[in-house]
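Scroll down for the structure; my scribbles are underneath it.
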Amino acid sequence: QVHLVESGGGLVQAGGSLRLSCAASGGTLSSFDTGWFRQAPGKEREFVVAITWSGDSTYTTYYADSVKGRFTISKDNAKNTVYLQMNSLKPDDTAVYYCAAKVSRGSSRYSKNYDYWGQGTQVTVSS
């Protein structure tokens, strides 16, 4: 059973930056596809970014259009941790951010395809 724990959320002004971390235990993230999703109050959970393992140490990243160029996902296999660097934050980025991991081959953009979820970390961007 993979256990995911997010950290790094907080309150930041528009234009600022935050780095979220997702630490895994009970499994090795290097062989999982890992994604970040977010859910704002009154809205459905939405895809933010994912990093997928293609084998032989090859990874592919996918970004939602709304965060492309501002957010960057990275993975530190030695620390079994995935990071989400968020720059140029906007009030619309305010949400609870969730880390997720999957072993299935389904699309990384859909939350239903993920097997493991963290508890979420709140990100609030003030205007």
Side-chain angles (χ1 to χ4, degrees):
Q1 181 75 12
V2 176
H3 185 55
L4 304 174
V5 178
E6 302 98 334
S7 60
L11 173 64
V12 65
Q13 289 187 333
S17 299
L18 283 174
R19 188 177 80 156
L20 306 184
S21 300
C22 173
S25 59
T28 304
L29 278 184
S30 61
S31 57
F32 285 76
D33 294 344
T34 311
W36 288 92
F37 290 77
R38 66 187 182 187
Q39 187 166 18
K43 295 186 178 180
E44 294 186 352
R45 190 170 298 188
E46 66 172 358
F47 169 76
V48 177
V49 61
I51 183 166
T52 64
W53 181 65
S54 305
D56 65 355
S57 300
T58 301
Y59 295 92
T60 303
T61 55
Y62 302 90
Y63 292 88
D65 289 342
S66 59
V67 306
K68 201 171 294 182
R70 300 188 297 121
F71 291 12
T72 303
I73 189 170
S74 61
K75 181 179 285 192
D76 186 333
N77 291 332
K79 295 183 177 180
N80 213 24
T81 298
V82 174
Y83 302 97
L84 179 61
Q85 178 66 45
M86 305 186 296
N87 299 327
S88 302
L89 283 161
K90 305 175 182 180
D92 285 348
D93 295 319
T94 295
V96 177
Y97 283 70
Y98 298 91
C99 173
K102 69 178 183 71
V103 296
S104 72
R105 293 189 176 184
S107 171
S108 296
R109 294 179 179 270
Y110 298 106
S111 59
K112 65 179 182 179
N113 292 331
Y114 285 80
D115 304 293
Y116 306 104
W117 290 85
Q119 83 289 348
T121 185
Q122 176 71 47
V123 171
T124 303
V125 184
S126 63
S127 58

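The first residue in the sequence is number 1, and the count goes up from there.
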Could you state whether Val125 and Tyr97 fall into the same hydrophobic cluster, counting links through intermediate Ile, Leu, Val, Met, Phe, Trp or Tyr residues with side-chain heavy atoms under 4.5 angstrom apart? yes
Separation between OG of Ser74 and CD1 of Ile51, rounded to the nearest 0.5 Å: 7.0 Å
What about Val49 and Tyr98, same hydrophobic cluster or not, with Ile/Leu/Val/Met/Phe/Trp/Tyr joined at side-chain heavy-atom distances under 4.5 Å? no
List the atom of Phe47, the atom of Tyr62, and the distance in Å for their closest heavy-atom pair. CZ-O, 3.5 Å
Tell me, do Cys99 and Thr34 make a side-chain contact under 4.5 Å, heavy atoms counted? yes
Roughly how far, to the nearest 0.5 Å, is the CZ atom of Arg109 from the OG1 atom of Thr52? 10.5 Å
Distance (rounded to the nearest 0.5 Å) between Met86 CE and Arg19 CZ: 11.5 Å
For Gly9 and Leu20, the nearest pair of non-hydrogen atoms, with its separation, is N-CD2, 3.5 Å
Aromatic contact, Phe37 with Tyr114 (centres under 6.0 Å): yes
Do Tyr59 and Leu29 belong together in a cluster built from hydrophobic side chains that touch within less than 4.5 Å? yes
Value for NZ (Lys102) from OG (Ser111), rounded to nearest 0.5 Å, stands at 12.0 Å
Drop me the distance from Gln39's CD to Gln122's CD, to the nearest 0.5 angstrom. 11.0 Å
Is the backbone of Thr81 close enough, under 3.5 Å, to the side chain of Asp76 for a donor and an acceptor to pair up by distance? no
For the residue pair Leu4 and Ala24, what are the closest heavy atoms and their distance? CD2-CB, 3.7 Å
Considering all heavy atoms of both residues, which atom of Val5 and which atom of Gln119 are nearest to each other, and what is their separation? CA-OE1, 3.8 Å
Looking at every non-hydrogen atom in both residues, tell me the closest pair between Trp36 and Ser21 and how far apart they are. CH2-O, 3.7 Å
Heavy-atom donor-acceptor pair, Glu6 side chain to Cys22 backbone, under 3.5 Å: no
On a heavy-atom basis, the closest approach of Pro91 and Ser127 is CG-CB, 3.9 Å
Does Asn113 reach the main-chain N or O of Ser107 with its side chain, forming a donor-acceptor pair under 3.5 Å? yes
When you look at Ser7 and Thr121, which way does the side-chain contact (heavy atoms from CB on, under 4.5 Å) test go after all the steps? CA-CA 6 Å; Ser7 60; Thr121 185; 5.8 Å; no
When you group the ILVMFWY residues by side-chain heavy-atom contacts below 4.5 Å and let the links chain together, are Tyr116 and Val96 in the same group? no
For residues 65-73, which side-chain donor-acceptor pairs fall under 3.5 Å, sequence neighbours excluded?
residue : atom : partner : partner atom : Å
Asp65   : OD1  : Lys68   : NZ           : 3.2
Arg70   : NH1  : Ser88   : O            : 2.9
Arg70   : NH1  : Asp93   : OD2          : 2.7
Arg70   : NH2  : Ser66   : O            : 2.8
Arg70   : NH2  : Asp93   : OD1          : 3.0
Arg70   : NH2  : Asp93   : OD2          : 3.4

Would Leu84 and Leu89 show up in the same hydrophobic cluster when neighbours are defined by side-chain heavy atoms closer than 4.5 Å? yes
